[in-house]
Amino acid sequence: MLKIKKTKLNEFIDFLNRDYSVYAPVEHGKKTTFKKIETALEIDHSAYNTSKSAKEVFFPQAEVMFKYSKEGLKVPERNEKPFAIWAIRNCDAKSLKMLDSVFGDARQHPGKDYFKDPYWKQKYDNCLVFNLACNEPLSTCFCHWFDGNPFDKTGSDVFVVETADHYIMEDISDKGKKFIDSYDKAEKADDNDVKVIDELKATAESYLGDKIDTKPLFDKLKKIWDEPVWDEVSAKCINCGACTFVCPTCHCFDVDDEGKDGKGSRIRLWDSCMFQLFTKEASGHNPRGVAVQRVRQRIMHKYNYFRDNYQVDLCTGCGRCVSVCPVNLDIREVIKKVLEY
Amino acid sequence: MCNNTYIPIPMKVEKILSENPDGSLRTFDLSFVNEEDKFDYMPGQFCEFSILGKGESPFGIASSPTEEGILKFTVNRTGSVTNEIHYLNVGDIVGIRGPLGNWYPLEKLKGKDVVIIGGGFAFTTLRSMLIYMLENRKDYGDITVIYGARNPDLLIYKEELAEWDKRDDLTLHLTIDTPVEGWAKHTGFVPTITKEVSPDPSAWAIVCGPPIMIKFTLPVLKELGFDDTRIYTSLERRMKCGIGKCGRCGIGSKYVCIDGPVFSFEELKSIPDAF
Amino acid sequence: MINELRSQVKKLLEDKTVDIVIGYGKGSLPNTATPIFITKPEDADQLIFDNTCRNNLTVYLTKDRKKLKKDYKKIGIVSKGCDARSVVLYTVENQIKREQAHIIGVPCNGVFEKKKIQTITEGKEVIDIKVEGDEVTLKGRAFEKKVPLKEVLSDSCIYCRYPDAKEYDTFIGEPRVEVEVAEEFKVVTDFEDKTAEERWKYIEEEYSKCIRCYACRNVCPSCYCNECFVDQNDPQWIGKTPEVTDSVIFHLIRNLHIAGRCVDCGSCVTACPVDLDLRIMNKKVEKEVKERFNYTAGLDINEKPAMVSFCENEKQDFIM
Ligand SMILES: Cc1cc2nc3c(=O)[nH]c(=O)nc-3n(C[C@H](O)[C@H](O)[C@H](O)COP(=O)(O)OP(=O)(O)OC[C@H]3O[C@@H](n4cnc5c(N)ncnc54)[C@H](O)[C@@H]3O)c2cc1C
Ligand code: SF4
Ligand code: SF4
Ligand code: SF4
Ligand code: SF4
Ligand code: SF4
Ligand code: FES
């Protein structure tokens, strides 16, 4: 374990910047999102969690897949250095792993290049994840429902804890170790630091709300697929889609051509199962034409279908959907209702 | 870039055939522009057909792997991409991604009797399978085809239907919904004709057509004694990526584009929103 | 007040004046209300009404919610001034028959704008809010802050002239007809005072934040088209990217569509997950419509909506 003085973060970020494109939380119009930074001054550490998740670094909301013209097709070139992502919270670090299981490979045809998503892979592979521990979880945080906790290290290469005047860094992966070992300006962390971390961890955990056992959710959902409980839980949803846009694990996208006169680009854009048009077919038939079917799809995908395929729930408990929902449709309440039903 | 699954390969329009008098159904034969782009496929698989500037749409491959050098698609004109496809001329270059999805259980069908039940223009991949089986005729038992449409005009591949009708190694039952003067074959809905034909339930059934046809054919097959594990169909859902990423074609925990489009009824039974 | 609301709703349900009541219940987060649907008289006790009751509940009468209209003959709606105006709008636009909605007016002294609170606390989470007269106390884990009520209210409320329902079937208490508001269109006049360049720059900067989630459209009572122009693909009116050029077009067209129809409920402002300043353009069109046609949306149930009486040769340059 190493530590660097908060006042010296600048030097560290400069060092990181040499071999990596560094992404960190940055303020953008009162909200924080992950953006590429050049210096530590741009970082906004005040956000307890970023308004938008870190997925957009690797899976941007709109991405050009290729440009076309009379001369043919051209995939935008990427000469950037590998990505490093600084101050990502554990819930987002974990979500990247989930997204990688979808984009990085294919459950049905593992190992087949054909099913790998090149746009995701070129950004995600070789990236370095600095996971910042959550000293002050919010009332919307519920990572502890899904095997997480504010000081969970899964998904990180380097685990970072912010103390009064230091960043304490623990290497988790080989990649992470190699990197922080190469930085010679850090101090060694001592027993006292370990004690401080334990204290911070205990405080953070005390902020979390009640824990619910989500293990029975999978079977329960399968059983009640057809039951009227869905009418009840979905009644107030206005299908705005905000929950899926801010979600670090939602990964549905649309593909759209933009251009005219034989020139333009094919782009992909975030999309959402909460929208009516998502499944509407040319014939007019819509397998999920009614709002309740769409709310059910979101819940089923998160806590049943995805687990069916990848043995993990498609939710890290980051709570963003809870805080953005304009009608306060709290996914935790839905989980509770389903479990009680 | 060669590993980029999202990049369509160029193919040239070789032949265009209008399948019906109102021109809403057209069949396109495409050839590979570059030798190295050629790919193998199986009956039941589909491709994403690109019209740059308009987008992509999935279509079942109507040609059989035994018809070398070409890909055949029959396209019903319904919206923006299909409209644009209908404007294509011979010689035009289009983009194709594929082959995508799984295929009919041809291995399992070996040595078995097969009943093919189709409705409307969904006969595309059934054509592929039928031609494939006819080319490898000795591998399969009796082949029965029941194919219907609203009226004679809406049956596709009319010339081939006439040829198949003459063959004695397959039984073809054509039907139309309501009587039309000059029509000498069956009249009535596909499920009714299936009941009349009453295929032997030891056969395997492949059913493909509009949802409503499937819905009413299924009970008939069950009544005849067909087992769910021996009834197959091909599903349609709205699609974008075709490779299990974009999430659009999800039914339960399956994606139609990679887990399907071909499913047995046994599988579909356990998928909550398949119908 | 709250007891009267509950007992009135109980009565309305008991004597079958209404079959269902859409109201506010306590939300799952601190200082949050959530829409609730009540059909049993005994559930009326779940109702709340205070400064957290933000949503415009009339959205449940249109869009995907047409089922509600089919299932229930008479629908009671707990309404602030702006909500009642939406019911009026729906009535003049033939979205609902006036007699199907039973407007339960409640006296409104404004709703909190969470975003303002967050700015005041610099992002720190507020766990409790206490209102005492014109002052509120914001309480967090390790802080407490007192601020004037006005600073945490939504702009729509600060400049609201019709806080109480003008059109109602039941009112809890005594409705105020209209309150005096100084500089109702201040946000617009300030904007208009800028140079064209500054205005454009502001619009560009603001709208570059939009992630095109359409939450603003979906919470808006006045946006109820079956298929919104942004979703049409044949022809495709505008690009779907969050590029500022596309977003500006989306917002300008939406502004045109709600011209003379926006009731300034502020729902869109609250819903936007990236805090776009949506109100400024809403008010701009409201002001234009008011000046040109002397029309304000949702006030008079007998008046034809401005945009219906819009003539082809009318000047169309009124947006920028
Ligand atoms: C596996 C599969 C095989 C198919 N095979 C054939 C075939 O052989 N012949 C044929 O005529 N049609 C087939 N279809 C249906 C065909 O894909 C749609 O009719 C077509 O996409 C409509 O596109 P559009 O742009 O003209 O319509 P629009 O209404 O303009 O649709 C816009 C977009 O929605 C999507 N979309 C709309 N409807 C469908 C749909 N039913 N399925 C998938 N995507 C849809 C497409 O991505 C399209 O680009 C098949 C669909 C699937 C899933
Ligand atoms: S579903 Fe909600 S809590 Fe779960 S990961 Fe997504 S945004 Fe976070
Ligand atoms: S919840 Fe909906 S938007 Fe999110 S990944 Fe699943 S299907 Fe896609
Ligand atoms: S944010 Fe809330 S209202 Fe919007 S789609 Fe999600 S659950 Fe529904
Ligand atoms: S535009 Fe905004 S303020 Fe106006 S009616 Fe719609 S949601 Fe309310
Ligand atoms: S809610 Fe905000 S981000 Fe979403 S579309 Fe509206 S303005 Fe854009
Ligand atoms: S089409 Fe994208 S997941 Fe099936």
### Task
Look at the side chain of A:Thr279 and the backbone N and O of A:Pro287, then say whether any donor-acceptor pair between them is shorter than 3.5 Å.
no
### Query
With no hydrogens and no angle check, is any side-chain donor or acceptor of A:Arg307 less than 3.5 Å from a backbone partner on A:Phe218?
no
Using non-hydrogen atoms and a 4.5 Å limit, figure out which bit of [X] sits close to chain B: side chain, backbone, both or neither.
X	value
A:His301	side chain
A:Phe306	neither
A:Asp117	both
A:Arg296	neither
A:Phe66	side chain

### Message
At a 4.5 Å cut-off on heavy atoms, which part of B:Ile251 comes close to chain A: side chain, backbone, both, or neither?
### Response
neither
### Contacting moiety of B:Pro8, where chain A heavy atoms sit under 4.5 Å
both
Any side-chain donor near an acceptor of the partner, [X] and [Y], under 3.5 Å:
X	Y	value
B:Asn76	B:Thr78	no
B:Thr27	B:Tyr157	no
B:Ser128	B:Tyr104	no

### Message
Sort by residue number and list every residue of residues 92-100 of chain A having at least one heavy atom under 4.5 Å from chain B.
### Response
none
### Task
Output the residues of residues 221-230 of chain A for which the shortest heavy-atom distance to chain B is under 4.5 Å, in residue-number order; output 'none' if no such residue exists.
A:Trp225
Does NZ or CZ of [X] come closer than 6.0 Å to the centre of the six-membered ring of [Y], within 45° of the ring's axis?
X	Y	value
A:Arg320	A:Phe245	no
A:Arg268	A:Phe103	yes
A:Lys55	A:Trp270	yes

### Task
Considering only heavy atoms and a distance below 4.5 Å, find which of B:Gly55, B:Gly244, B:Gly252, B:Pro211 pairs most often with chain A.
B:Gly252
## Note on the structure
Comparing B:Pro10, B:Ser50, B:Cys241, B:Gly242 against chain A, the one with the most heavy-atom pairs below 4.5 Å turns out to be B:Ser50
### B:Arg127 vs B:Thr74, side-chain hydrogen bond (donor to acceptor under 3.5 Å, both in side chains): CA-CA, chis, key distance, verdict
CA-CA 11 Å; B:Arg127 174 195 183 272; B:Thr74 300; over 6 Å; no
## Note on the structure
A:Tyr68 and A:Ser265 have their tightest heavy-atom pair at CE2-N, 3.6 Å
### Query
Based on non-hydrogen pairs under 4.5 Å, which of A:Asn286, A:Asp308, A:Asp254 is most in contact with chain B?
A:Asp254
### Query
Is the distance between the ring centroids of A:Phe58 and A:Tyr23 under 6.0 Å?
no
### Task
Please tell me if the side chains of A:Arg298 and A:Cys247 come closer than 4.5 Å, counting only heavy atoms from C-beta onward.
no
### Message
Just checking B:Glu107: does its CD atom have more than 12 heavy atoms from other residues, nucleotides or ligands closer to it than 6.0 angstrom?
### Response
no
## Note on the structure
The residue among A:Thr244, A:Thr249, A:Asp313, A:Leu217 that forms side-chain contact (heavy atoms from CB on, under 4.5 Å) with A:Lys302 is A:Thr249
